[in-house]
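As the structure is a prediction and not an experimental result, all values here were calculated from the model.
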Amino acid sequence: MPVRSDKTDALKHDYRRGEIIWVLKQDSPHDVTARELQLALRDRNIPLAARDLHMYLSYLEEAGYIRCKRQYDESIARDQILTAALSAKGMLLFDQKINDAGVRF
């Protein structure tokens, strides 16, 4: 059974982050709930678990491409992302006026 290379996995993650930016662009400047985002990605044949979506959103938020609203969930002792929206910097990324090696369209 062939094993996926690290490069293939990295590209998969890059494209998933790009798809998230694309979905958020469709509703810009409005916030999109994490569940709506998850369903929109599933419709684009990218099913993501909530934990994986949180990881991608955290990367994009740290880079300044999106804004997230969070709430601390005491039952699991961590922040939950409630909504996400594209930032001005994210719009520049989508329009390919800036580049990020970790995001592909």
In this structure, CD1 of I46 is separated from CG of L41 (nearest 0.5 Å) by 5.5 Å
To the nearest 0.5 Å, how far apart are CD in Q80 and CZ in R70?
9.5 Å
Could you go through I20 and L57, starting from their C-alpha distance and side-chain angles, then the distance that decides it, and tell me whether this counts as side-chain contact (heavy atoms from CB on, under 4.5 Å)?
CA-CA 8 Å; I20 290 169; L57 291 175; 3.8 Å; yes
Euclidean distance, D14 CG relative to E19 CD, rounded to 0.5 Å:
12.0 Å
Can you hop from L39 to L86 via hydrophobic side chains spaced under 4.5 Å?
no
Smallest separation among heavy atoms of D31 and A85, with atom names
OD1-CB, 3.1 Å
When clusters are formed by joining ILVMFWY residues with side-chain heavy atoms under 4.5 Å apart, either directly or through shared neighbours, do W22 and M55 land in the same one?
yes
Kindly compute the distance separating OG1 (T33) from NZ (K69), expressed to the nearest 0.5 Å.
12.0 Å
Within 45° of the axis and under 6.0 Å from the centre of the six-membered ring of Y59, does NZ or CZ of R17 qualify?
yes
Applying a strict under-4.5 Å side-chain criterion to I, L, V, M, F, W and Y, I'd like to know whether Y15 and Y65 cluster together.
no
At what distance, to the nearest 0.5 angstrom, does NE2 of H30 lie from CD of E36?
11.5 Å
side-chain contact (heavy atoms from CB on, under 4.5 Å) between I21 and I66, intermediate numbers included
CA-CA 8 Å; I21 293 287; I66 65 171; 4.1 Å; yes
Closest heavy-atom pair and its distance - V32, L37:
CG1-N, 3.7 Å
Verify side-chain contact (heavy atoms from CB on, under 4.5 Å) between R44 and V23, making sure each step is shown before the conclusion.
CA-CA 9 Å; R44 295 180 59 78; V23 169; 3.9 Å; yes
For K89 versus A63, what's the shortest heavy-atom pair and its separation?
NZ-O, 2.9 Å
Are R104 and K12 close enough, and set up right, to give a side-chain contact (heavy atoms from CB on, under 4.5 Å), and what steps lead you there?
CA-CA 9 Å; R104 292 179 186 252; K12 175 183 74 172; over 6 Å; no
Give me the atom names and distance for the closest heavy-atom approach of Q96 to F105.
NE2-CD1, 4.1 Å
D100 versus G102, closest heavy-atom pair with distance
OD1-N, 2.6 Å
Nearest heavy-atom approach of P29 to R67 is O-NH2, 4.3 Å
At what distance, to the nearest 0.5 angstrom, does CZ of R16 lie from OH of Y56?
4.0 Å
Check the surroundings of atom CG in N45: do more than 12 heavy atoms from other residues, nucleotides or ligands lie under 6.0 Å from it?
no
Any non-hydrogen side-chain atom of D79 less than 4.5 Å from a side-chain atom of Q71?
no
Is the backbone of H54 close enough, under 3.5 Å, to the side chain of S58 for a donor and an acceptor to pair up by distance?
yes
Does some side-chain heavy atom of L60 sit less than 4.5 Å from a side-chain heavy atom of V103?
yes
Same cluster or not: are L48 and L82 linked, directly or through other Ile, Leu, Val, Met, Phe, Trp or Tyr residues, by side-chain heavy atoms under 4.5 angstrom apart?
no
